[in-house]
Amino acid sequence: QVQLVESGGGLVQAGGSLRLSCAASGRTFSMYAMGWFRQAPGQEREFVVSISGSGRTTYYADSVKGRFTISRDNAKNTVYLQMNSLKPEDTAVYYCARKTGVAGIRLPSEYDYWGQGTQVTVSS
């Protein structure tokens, strides 16, 4: 059983920054790609960014490209999401997840374990 625990969410003004962390249990963390998704009230869960097991390959949603940066520290079993230049439309619950599928990095169905989520609220 894998547990993912997000932290770092909060309330920030537009233009501000937050850094989310996702700590994973287990010994095989570096073998799996990881992703961040977000879900705003009344909306579907939306892909934000993913990172390969080695950390060398990343994919970003167009809406966050240039503002968000994903990274991972496999020695600490942790993946990070640095969010800069935040906008009110970034307001959502942010989830990290472990990818096990071989295709569709943007599809929630390709991820098997999920964290509980952390709320990010950006005020205008």
Side-chain angles (χ1 to χ4, degrees):
Q1 188 78 4
V2 173
Q3 290 188 326
L4 303 175
V5 180
E6 302 100 334
S7 61
L11 173 64
V12 64
Q13 288 188 334
S17 299
L18 283 174
R19 188 194 195 203
L20 305 184
S21 298
C22 172
S25 64
R27 302 178 184 178
T28 59
F29 179 72
S30 63
M31 295 175 60
Y32 295 92
M34 299 292 293
W36 285 96
F37 289 75
R38 65 187 182 186
Q39 189 167 18
Q43 297 188 19
E44 293 186 352
R45 195 161 295 191
E46 173 191 29
F47 170 80
V48 176
V49 60
S50 68
I51 187 168
S52 63
S54 67
R56 286 193 287 267
T57 303
T58 57
Y59 296 96
Y60 291 87
D62 288 343
S63 59
V64 305
K65 203 172 293 184
R67 300 187 298 122
F68 290 12
T69 303
I70 190 171
S71 61
R72 66 189 297 160
D73 185 338
N74 287 339
K76 295 182 178 180
N77 276 21
T78 302
V79 61
Y80 304 97
L81 182 62
Q82 178 66 44
M83 306 186 294
N84 298 329
S85 302
L86 283 162
K87 305 175 181 180
E89 51 263 44
D90 294 318
T91 295
V93 177
Y94 282 71
Y95 300 89
C96 69
R98 189 183 80 166
K99 189 178 187 305
T100 54
V102 297
I105 58 168
R106 301 172 187 270
L107 299 176
S109 59
E110 294 295 305
Y111 295 75
D112 59 352
Y113 288 100
W114 293 79
Q116 81 289 349
T118 185
Q119 176 71 47
V120 171
T121 303
V122 184
S123 64
S124 57

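Every value quoted in this text rests on a predicted model; they were computed, and no experiment measured them.
- Distance check: L4 CG to Y113 OH gives 9.5 Å after rounding to the nearest 0.5 Å.
- A distance-only check finds no donor-acceptor pair linking the side chain of N84 to the backbone of G16 [under 3.5 Å].
- Atom CD of Q82 is separated from atom OG of S71 by 8.5 Å, given to the nearest 0.5 angstrom.
- Residue pairs meeting the ring pair (Phe, Tyr, Trp, His ring centres under 6.0 Å) criterion with at least one partner in residues 47-75, sequence neighbours excluded, are F37-F47.
- To the nearest 0.5 Å, the span separating OG on S52 from NZ on K99 amounts to 11.5 Å.
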Legend entry - Chi angles and distances behind the side-chain contact (heavy atoms from CB on, under 4.5 Å) call for V79, W36: CA-CA 9 Å; V79 61; W36 285 96; 4.0 Å; yes
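- Annotation for G117 and V93: closest pair CA-CG1, 3.8 Å, computed over non-hydrogen atoms.
- The shortest distance between side-chain heavy atoms of Y111 and T100 does not fall below 4.5 Å.
- Looking at C96 and Y80, their side chains never come closer than 4.5 Å, going by heavy atoms from C-beta outward.
- Between I51 atom CD1 and R72 atom CZ the span is 6.0 Å, to the nearest 0.5 Å.
- To the nearest 0.5 Å, atom CH2 of residue W114 and atom SG of residue C22 are 11.0 Å apart.
- The salt bridge (Lys or Arg N to Asp or Glu O under 4.0 Å) search around D73 returns none, not counting sequence neighbours.
- M83 pairs with exactly one of L18, I70, T69, V49 by the side chain to side chain contact (heavy atoms under 4.5 Å, CB included) rule, that one being L18.
- When atom types are taken as modelled, the side chain of S63 and the backbone of A61 share no donor-acceptor pair closer than 3.5 angstrom.
- In terms of the side-chain hydrogen bond (donor to acceptor under 3.5 Å, both in side chains) criterion, R106 has no residue partners (sequence neighbours excluded).
- Counting all heavy atoms, side chain and backbone alike, S50 lies closest to I105 at OG-CD1, 3.7 Å.
- Residues L81 and Y94 share a closest heavy-atom pair of CD2-CD2, 4.2 Å.
- Annotation: salt bridge (Lys or Arg N to Asp or Glu O under 4.0 Å) contacts of E46 (sequence neighbours excluded): R38.
- With rounding to the nearest 0.5 Å, the separation of OG1 in T118 from CD in Q116 is 7.0 Å.
- Applying the side-chain hydrogen bond (donor to acceptor under 3.5 Å, both in side chains) test to T58 and every residue at least two apart in sequence or in another chain returns nothing.
- Minimum heavy-atom separation, M34 to R98: SD-CA, 3.7 Å.
- In plain terms, the two heavy atoms of S124 and P88 that are nearest each other are CB-CG, 3.8 Å.
- Looking at V120 and L20, their side chains come closer than 4.5 Å, going by heavy atoms from C-beta outward.
- Applying the salt bridge (Lys or Arg N to Asp or Glu O under 4.0 Å) test to R19 and every residue at least two apart in sequence or in another chain returns nothing.
- Contact detail for D90 and V122: the closest heavy-atom pair is CB-CG2, 4.3 Å.
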